[in-house]
Amino acid sequence: MSQPFRLNKEGLINRNKKISFTFNGKKLFGYEGDTIASALIANGIHLVGRSFKYHRPRGFFGAGVEEPNAKLQVEFNGHSEPNVNATEMELVEGLSATSQNCWPSVNFDIGAINNFLKMFFPAGFYYKTFMWPKSFWYKIYEPFIRKAAGLGVASIEKDKERYEHKFEYCDLLVTGSGPSGLASAYAAAKNGAKVILAEDKPRFGGTLLTDDVSIDNLSGKDWAEKIITELKSMPNVTVKNRSQVFGYYDHNMLVMFERVSDHLEKKSKFTPRQRLWYIRAKETILSTGSIERPIVFGNNDTPGIFLSAAAKEYMKVYGVLVGKKPLIFTNNDSAYETALEFKKNNVEPIILDTREEHSSELIDEAKSKGIDIRFSHGVIVANGYKKVKSAKIGKLNKDKNSFEKIETVDCDCICVSGFWTPSVHLASQSGNKLKYEEKIDAFIPDKKKQHETSVGAANGSFTLEESLKNGFENGSNLSAKITDTKTEIAIPNVNEKKYGVHDKFWCMPLPKNENPKRFVDFQNDVSVSDIEIALREGYRSIEHVKRYTTLGMATDQGRTSNLNGLQLVSNIENKIVPEVGHTTFRPPFTPITIGTIVGREVGMEYMPTRKTPMHEWHEKNNAVFVDAGAWKRPRYYKQGNETLFEASKREAKNVRENVGICDVTTLGKIDIKGPDAAEFLNRVYTNAWMKLPVGKARYGLMLREDGIVMDDGTTTRISENHYHMTTTTAQAANVLSHLEYYLQIVWPELNVNVVSTTEQWAGAAIAGPKSRDILSKLYPDLDVSNNALPFMGYKEAEFFGVPSRIFRISFSGELAYEINVKSDHGMFMWEKMMEVGKEFGNQPYGTEALSTLRIEMGHVAGPELDGRTIPSDVSLNGLVSKKKDFIGKNSLGREAFNVESRQKIVGLIPIDRKSSIPEGSHIVQDQNAKLPNPKLGHVSSSCWSVENNNPFSLAIMKDGKNMIGKKFFAVSPLKNKSIEVEVISSHYVDPEGKRVRS
Amino acid sequence: MLYIKCPYCGLRAQKEFSYGGDATVKRPNINEEVSSEDWDNFVYMRKSPRGKHIELWQHIAGCRQWIKVQRDTATHEIFQTAKVTEEIR
């Protein structure tokens with residue numbers, strides 16, 4: 001239970017609270033405030049995974065988002081999550097972590113044979129080797145490679161957690177709570193601006209937590225705490241830790257990912273796991289800091305090799321030693337701080353500095369403390385397979401390309417520093433073209449495209465004094481422009497150690513006859529030789545080199561590898577880095593969960609559910625529902641063990657023989673008012689509307705400007721300047737926008753208003769030969785005879801004391817009425833209808849029976865009006881006026897619309913009168929013809945004709961009615977069916993339309 | 001996500017709008033003769049400029065007004081928005 005690498009005192013962890021967890025089945029302990037990484041290192045565990053391609057042993061390299069290796073499969077709170085960054089995930093009780101990409105175990109991984117065959121796995125290996133035969137790629141090669149190279153395993157269990165989205169607006173968003181971020185937020189807050197300060201880590205302060213500095217006589221950590229405490233107390237400031245701003249989108253919208261509760265042992269039912277913030281900021285301060293980059297050397301991926309700042313963070317934040325015999329390999333001063341920290345904890349480091357002997361504040365301090373410093377030195381190759389055991393180090397000649405002396409020193413860890421790379425991801429995402437800063441050998445933001453300002457290390461300022469000044473000034477100036485208030489803030493006194501100049505040295509040369517792998521990108525196993533091969537093979541653009549070698553790809557997005565890769569390319573190509581350019585930075589900065597992206601829009605909340613006022617009745621009466629857009633419509637009302645087919649047949653038959661009632665609330669309804677309403681309808685519809693009398697309905701057809709049918713429906717003249725339009729359920733929203741377009745933009749001179757009333761009216765259709773009997777009982781005081789209320793007639797009357805509208809319209813082809821009442825009275829109306837209808841053999845019917853009824857009548861609907869048909873294609877040319885102009889009229893004259901052989905609507909019946917014809921079947925002359933078999937048309941709608949008791953389909957077919965009487969095959973490769981059919985008229989039942997007028 | 005200033009409602013998220021195409025296209029007058037060429041140009045022919053473009057948007061989840069938006073199609077910068085009855089210069 002002892003943690004051999006835990007320091008006695010150091011660190012910000014809570015030593016009073018032990019946390020137990022398992023790693024690869026082994027039970028271990030850590031403390032509250034540990035990450036998985038710090039707890040494992042405290043326990044002396046470094047081997048955590050295998051590399052992607054060669055399955056080489058890998059350990060921790062960083063202490064945060066920069067980590068390329070330590071991706072674990074982690075189970076906690078009933079989740080199993082792959083690719084969790086062990087350096088970021090906080091330890092929670094009962095967590096269980098396992099290594100990925102290894103089999104059978106991380107200690108003995110069969111895939112590691114790739115490492116010994118590495119000469120056969122150069123860059124582009126997969127592209128070159130698995131090319132032939134071509135058909136093998138998808139079925140054999142790719143699945144195998146994926147299995148061999150997989151990262152973690154995504155869970156197939158349903159995610160029970162809650163995820164939320166939040167929309168927020170602010171004056172200033174500050175991304176990162178290091179010194180420059182704190183200063184910016186503080187200055188802006190003091191100016192009265194609405195500020196959001198986001199910190200990715202659990203602790204605020206950034207480098208202030210680890211650097212040996214003081215501000216106004218407070219330690220960096222204490223100053224950060226003081227500022228954060230004050231910010232938290234201000235009502236205009238929102239301070240968020242565990243929150244990473246990962247994407248910078250258009251018009252200053254940034255997206256932030258908040259880890260709300262994974263670190264909590266207990267949480268309430270409604271606490272989300274994670275939250276996605278959409279933040280619209282007037283100004284953004286990018287104080288994202290910088291990430292240390294390594295120096296490339298032989299076997300530099302061996303477990304036990306760390307970034308030097310990470311080693312320091314493990315000591316100062318977690319009280320953990322990454323080793324007890326450290327080698328510090330650096331080209332700059334910052335690693336000296338790590339060495340001094342080791343020394344403070346009674347560990348003797350050796351510093352290998354690639355620079356020639358010189359002096360600086362830090363070097364002098366290290367010397368005075370008796371630290372072994374070797375100038376002009378570097379690590380050539382690390383020895384050890386699963387852990388560093390020793391290192392071959394070399395003294396460099398003046399040319400820095402050959403060695404004066406080579407020796408081997410024992411060590412148990414190597415802390416490497418190749419200087420600092422500003423985190424410019426967000427700036428780049430905002431559209432900022434970056435510029436190369438020679439002084440720091442890295443890219444920094446250039447001209448801005450959006451309202452963003454990079455400060456501190458993210459902008460290439462690596463001193464605390466400069467970062468704070470930068471932060472205070474920008475925070476104050478940017479917010480003052482918004483709030484018109486400027487509060488003077490004294491810039492604090494800073495005490496920090498001055499760094500000397502860094503060495504432009506990034507890759508260790510190799511002695512002759514030595515050829516260890518030197519990795520540039522750990523996560524994708526990209527080595528120096530891979531990049532050399534890519535260039536040798538002619539890849540020049542850095543984007544191509546990236547794709548060919550996979551340099552800088554995958555979850556760490558090359559945070560520690562990009563610049564070294566660029567340096568290598570620029571060296572070989574003899575170009576300067578800015579000429580090579582950099583690859584594109586894309587969101588998200590680090591991986592985020594799918595759950596967070598989806599938020600609450602899952603299951604029932606995926607989209608709104610629209611229910612009609614009669615929904616409960618349908619539920620109680622065994623309705624099986626179908627989705628019609630967001631609406632729930634009864635598809636059929638199940639009796640006993642009926643199937644869909646049986647039930648819909650029964651319901652449809654009952655309409656034909658007796659009477660049925662159908663909930664038609666979902667039909668789109670648009671109220672049209674104004675003195676020019678008739679003129680407007682006359683332009684919108686293809687048929688004539690000027691002479692429709694008050695109290696009459698008319699069927700109308702509307703086209704798009706290209707002549708294609710857009711929608712159909714009936715419109716009723718309620719009064720002189722008032723019309724009630726109905727649309728299909730599916731097109732309701734489009735039709736409203738369409739009408740608004742013409743009224744607002746094309747014909748603003750027309751005095752007409754339109755508004756959707758779909759949800760204001762509940763509608764029920766009564767259809768069948770006995771429908772008038774029901775109607776007369778529902779309206780005992782009203783004359784509902786054929787003369788008083790003829791086909792296409794309209795009346796308003798009280799329905800048991802409730803105002804109602806009666807339309808004599810029919811979709812089923814039977815004598816039928818549609819009654820509308822206010823939505824609140826919908827259920828009342830429905831129940832009354834059911835009660836009164838009983839004696840006439842009424843049955844409710846659903847959409848399936850409704851379809852059957854309209855199909856056998858030859859009435860067209862969505863499947864026929866599919867965005868490809870013009871009126872004459874669907875036998876509706878009788879509704880097209882020749883006398884007046886209307887939307888789309890000019891297009892109807894187009895040549896292709898008027899060829900005789902154009903596909904038009906017909907009816908189909910199977911020769912055997914038994915086999916139902918699958919919708920979507922193709923109509924062909926010869927079912928055995930050579931492919932491609934010429935297609936003559938397609939089956940649009942199919943039903944079982946209850947009138948004729950055999951299958952019947954509508955089809956859109958070449959030559960249309962000229963084909964009547966001929967035989968063809970309807971083939972459906974999808975259903976593996978081929979049915980011989982005969983072409984008949986599309987009006988299978990009551991072609992003269994007598995019933996609707998009866 | 002764009003941030004569009006509806007001339008009636010103020011700045012709103014793109015989510016509330018739906019796109020409606022080129023705002024400079026004028027429909028031939030109703031009840032007037034139009035040549036096939038003019039008609040085809042109106043129905044089918046659209047420019048796809050890189051840069052400034054005046055387009056129609058409808059504030060469907062807001063006031064339901066169609067509006068004009070002058071936007072850079074490459075950078076998404078919005079220069080101006082206006083009511084459809086107003087001119088954008």
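Below, chains carry the letters A, B, ... as their sequence lines are ordered, and counting in each starts from 1.
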*Is the closest basic N to carboxylate O distance between B/E77 and A/K449 below 4.0 Å?*
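Judged by the 4.0 Å cut-off on N to carboxylate O distance, B/E77 and A/K449 do not form a salt bridge.
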*A/H251 side chain to B/H76 main-chain N or O, any donor-acceptor pair under 3.5 Å?*
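Checking the backbone N and O of B/H76 against the side chain of A/H251, a donor-acceptor pair under 3.5 Å is found.
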*Side-chain contact, heavy-atom cut-off 4.5 Å: B/R64 with A/L736?*
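Yes, close enough: below the 4.5 Å cut-off.
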*With respect to chain B, which residue among A/Q450, A/R704, A/R683, A/E740 yields the maximal number of heavy-atom pairs within a distance under 4.5 Å?*
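Between A/Q450, A/R704, A/R683, A/E740, the count favours A/E740.
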*Name the option with the most non-hydrogen atom pairs under 4.5 Å to chain B; the candidates are A/I745, A/N252, A/V746.*
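The candidate making the most pairs under 4.5 Å is A/I745.
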*Would you mind checking which part of B/A23 comes under 4.5 Å of any heavy atom in chain A, side chain (CB onward), backbone (N, CA, C, O), both or neither?*
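For B/A23, there is no contact with chain A at all, as no heavy atom is under 4.5 Å.
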*Engaged part of B/K15 at the chain A interface, taking heavy atoms whose separation is under 4.5 Å*: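 Side chain only.
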*Option that, when pairs with chain A are counted at under 4.5 Å, heavy atom only, ranks first among B/I60, B/L56, B/T85*: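 Counting heavy-atom pairs under 4.5 Å, the top option is B/L56.
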_Please identify, among B/V43, B/I30, B/T75, the residue contributing the most non-hydrogen atom pairs under 4.5 Å to chain A._
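So the answer, after comparing B/V43, B/I30, B/T75, is B/I30.
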Check this for me: [X], atom [atom1], are more than 12 non-hydrogen atoms of other residues, nucleotides or ligands nearer than 6.0 Å?
X: A/H165; atom1: NE2; result: yes
X: B/Y19; atom1: OH; result: yes
X: A/K673; atom1: NZ; result: no
X: A/M690; atom1: CE; result: yes
X: B/E33; atom1: CD; result: no

_B/R27 to A/F886 - nearest heavy-atom pair and separation_ =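 Minimum heavy-atom contact is NH2-O, 3.8 Å.
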*Non-hydrogen atoms of B/Q58 and A/S737 that approach each other most closely*: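 Minimum heavy-atom separation between B/Q58 and A/S737: OE1-OG, 2.6 Å.
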*Interface residues of residues 1-9 of chain B facing chain A - heavy atom cut-off under 4.5 Å*: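 Expected list: B/M1, B/L2, B/Y3.
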*asked:* Quick test of your reading: applying side chain to side chain donor-acceptor pair (under 3.5 Å), list the pairs with at least one residue in residues 888-897 of chain A, sequence neighbours left out, ordered by first then second residue.
replied: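 Every pair satisfying side chain to side chain donor-acceptor pair (under 3.5 Å) with a residue in residues 888-897 of chain A: A/S891-B/W39, A/R894-B/D40.
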*chain B contact via A/Y741 - side chain, backbone, both or neither, heavy atoms under 4.5 Å*: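 For A/Y741, backbone and side chain are both near chain B.
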